[in-house]
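Count residues from 1 along the sequence.
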Amino acid sequence: MEHYERLGKIGEGTSGVVYKARDRRTGETVAIKRLRAGAGIGDAFDETFRREVRCLEACRGHPCLVELLAAHRDPAGGGTGAFLVMEHAGRSLSEVMRQDYLAERRPFPEAEARRVMRRLLEGVSAMHARGLLHRDLKPDNVLLDGRGGVKICDFGLSRAADNGTGGAPYTPGVATLWYRAPELILGSGDYDAGVDTWALGCIMAELLAGGPPLFPGRSEMDQLNRVFDTLGMQDMPSWPGFARLPRAGSPLCRRGRPPSRLRELFPALSAAGFDVLAGLLACRPDRRLTAADALQCPWFADAAAVAPEALPDQPRASCCAAGFAAGVAGVAEAILA
């Protein structure tokens with residue numbers, strides 16, 4: 001790591017710390033994630049490190065997924081640390097919303113939200129086509145480079161889908177709570193790529209509202225209650241997988257709910273835009289839009305994009321953003337939960 005000059009901390013999560021740095025050999029600005037030695041020991045840590053590296057390597061070359069530049073094991077701490085060096089891709093979407101939109105109480109213009117969503121759906125569609133689930137999509141894990149580029153990052157929770165091969169159940173406790181799909185909260189261990197498109201629906205709603213999150217739950221049950229109060233749940237019990245969910249018997253699932261009031265929350269959104277939002281936020285996973293299908297919706301037929309300067313690469317008040325890069329695309333072997 002002597003080849004890199006650390007310039008400051010970008011962000012910090014449960015698995016590590018991300019720094020902005022300069023490559024002394026090339027002068028290039030990069031992002032370096034240091035995986036904490038405490039994140040795992042021995043074989044468990046090695047598997048976590050290998051899994052993230054495989055995901056990053058698999059995403060190389062896709063314009064909407066941040067690229068891995070190098071991976072290094074840390075000889076300190078008994079070899080239970082590691083560094084991932086990635087391209088530095090600007091500010092996080094959450095920081096842009098917080099500093100440039102929420103502070104002024106204004107949403108993203110619909111055309112701008114559409115452009116960001118197109119890029120996110122392109123990246124997620126590519127991941128899913130190559131057999132990967134991200135499982136932690138949120139504004140913190142989306143980077144904007146100020147030149148119109150949008151990149152998905154942080155694949156610490158990603159894994160390969162088993163595609164119905166009957167493997168071990170997935171871990172249901174994934175995704176940040178405010179972006180966690182209903183089937184995850186209800187305890188499903190047999191979910192699919194719909195958990196990612198649900199999160200994209202939450203991000204889209206946040207863009208159009210200029211923040212705060214659509215479902216800012218304080219606990220899993222509070223989160224589920226907010227989802228059902230906003231979207232209704234009339235179709236949920238008829239989903240073939242519903243009865244098998246561990247929490248299907250919760251009182252929240254038996255309580256009468258009014259029809260969806262999502263349209264009331266976004267009265268200015270075009271009909272084509274609302275079709276995408278409602279499709280991504282379908283409570284029933286089998287009725288939720290896939291990323292590939294969403295891209296075929298009429299909302300994206302107009303290829304016009306906002307000018308790059310509409311997304312500034314410098315904050316209006318404070319320094320650079322959070323987030324680090326990771327990426328994804330197909331992995332031949334299964335990546336365990």
Side-chain angles (χ1 to χ4, degrees), residues 93-94 97-98 101-102 104-114 116-117 120-121 137-139 175-188 191 194-242 245 247-291 293-294 297-300:
L93 179 59
S94 61
M97 288 193 293
R98 185 174 64 251
Y101 289 86
L102 184 57
E104 298 180 8
R105 300 184 181 275
R106 64 187 179 103
F108 271 55
E110 183 173 338
E112 192 171 323
R114 178 178 57 191
V116 173
M117 287 304 302
L120 290 177
L121 286 162
L137 291 167
K138 56 184 177 180
T176 300
L177 180 61
W178 295 346
Y179 309 90
R180 192 173 299 167
E183 62 269 29
L184 293 175
I185 299 175
L186 290 168
S188 175
Y191 50 84
V195 300
D196 286 342
T197 54
W198 171 274
L200 290 181
C202 294
I203 293 172
M204 179 176 171
E206 205 165 332
L207 284 171
L208 293 167
L214 182 59
F215 307 118
R218 297 182 295 272
S219 67
E220 282 199 323
M221 291 298 99
D222 180 50
Q223 183 74 10
L224 192 64
N225 190 50
R226 289 171 185 264
V227 168
F228 287 161
D229 271 351
T230 300
L231 302 175
M233 65 161 298
Q234 286 77 6
D235 293 340
M236 196 67 174
S238 62
W239 174 43
F242 181 76
L245 297 174
R247 290 178 171 174
S250 166
L252 291 178
C253 298
R254 296 194 297 267
R255 198 175 109 194
R257 304 279 177 169
S260 173
R261 59 186 186 90
L262 186 64
R263 191 46 160 148
E264 300 171 21
L265 300 179
F266 299 94
L269 180 60
S270 67
F274 182 76
D275 286 345
V276 174
L277 180 63
L280 295 173
L281 291 177
C283 282
R284 270 186 61 160
D286 59 338
R287 294 182 177 174
R288 199 172 298 153
L289 280 175
T290 67
D293 286 344
C297 289
W299 198 47
F300 296 109

(message) Measuring from atom CG of Leu265 to atom CG of Leu277, what distance do you get when rounded to the nearest 0.5 angstrom?
(response) 9.5 Å
(message) Would you say that Pro298 contacts Asp275 through its side chain, given a criterion of any heavy-atom pair below 4.5 Å between the two side chains?
(response) no
(message) With heavy-atom distances below 4.5 Å as the criterion, would you say the side chains of Asp286 and Trp239 are in contact?
(response) yes
(request) Locate the shortest heavy-atom distance separating Arg114 from Phe300; write the atom from each residue and the value. (result) O-CE2, 3.5 Å
(message) Nearest 0.5 Å, please: how far is CD1 in Ile203 from CG in Leu208?
(response) 12.0 Å
(message) Using side-chain heavy atoms (C-beta onward) and a distance below 4.5 Å, is Met117 in contact with Val276?
(response) no
(request) Measure from the side-chain N and O atoms of Arg257 to the backbone N and O of Phe228, and report whether any donor-acceptor pair falls under 3.5 Å. (result) no
(message) I need the single residue from Leu289, Leu184, Leu280, Val227 that forms a side chain to side chain contact (heavy atoms under 4.5 Å, CB included) with Trp198. Which is it?
(response) Val227
(request) Measure the shortest side-chain to side-chain distance between Arg284 and Ser238 over non-hydrogen atoms and say whether it is less than 4.5 angstrom. (result) yes
(request) Check for a donor-acceptor pair, side chain of Arg288 on one end and backbone N or O of Cys283 on the other, with a separation under 3.5 Å. (result) yes
(request) Please report the closest heavy-atom contact between Thr197 and Ala291, naming both atoms and the distance. (result) CG2-N, 3.5 Å
(message) I need the Ile185 CD1 to Met221 CE distance, nearest 0.5 Å.
(response) 6.5 Å
(message) Counting C-beta onward and ignoring hydrogens, is there a side-chain heavy-atom pair between Glu206 and Leu214 closer than 4.5 Å?
(response) no
(message) side chain to side chain contact (heavy atoms under 4.5 Å, CB included) for Leu186 and Cys253? Distances and angles first, verdict last.
(response) CA-CA 10 Å; Leu186 290 168; Cys253 298; 3.6 Å; yes
(request) State the CH2-NZ distance between Trp178 and Lys138, to the nearest 0.5 angstrom. (result) 10.0 Å
(message) If I take atom CG from residue Asn225 and atom CZ from residue Phe215, how far apart are they, to the nearest 0.5 angstrom?
(response) 11.5 Å
(message) Would the distance check show the side chain of Thr290 and the main-chain N or O of Asp293 forming a donor-acceptor pair, the cut-off being under 3.5 Å?
(response) yes
(message) Under the rule for ring-ring contact (aromatic ring centres under 6.0 Å, His included), what residues qualify as partners of Tyr191, not counting sequence neighbours?
(response) Tyr170
(message) Please find the pair of heavy atoms, one from Phe242 and one from Pro237, that lie closest to each other, and give the distance.
(response) CD2-CA, 3.6 Å
(request) State which residues pass side chain to side chain donor-acceptor pair (under 3.5 Å) with Ser219; sequence neighbours excluded, sorted by chain then number. (result) none
(message) Tell me if a side-chain donor or acceptor on Glu110 pairs with a main-chain N or O of Ser270 at a distance below 3.5 Å.
(response) yes
(request) Report yes if some heavy atom in the side chain of Arg287 is under 4.5 Å from a heavy atom in the side chain of Met236; otherwise report no. (result) no
(message) Nearest 0.5 angstrom please: Trp299 CH2 to Leu121 CG, how far?
(response) 9.0 Å
(message) Using a 3.5 Å distance criterion without hydrogens, assess whether the side chain of Arg247 forms a donor-acceptor pair with backbone atoms of Glu183.
(response) no
(message) When you compare the side chain of Val116 with that of Met204, does any pair of heavy atoms fall below 4.5 Å?
(response) no
(request) Begin from the C-alpha positions of Arg218 and Leu177 and carry the test side chain to side chain contact (heavy atoms under 4.5 Å, CB included) through to its verdict. (result) CA-CA 8 Å; Arg218 297 182 295 272; Leu177 180 61; over 6 Å; no
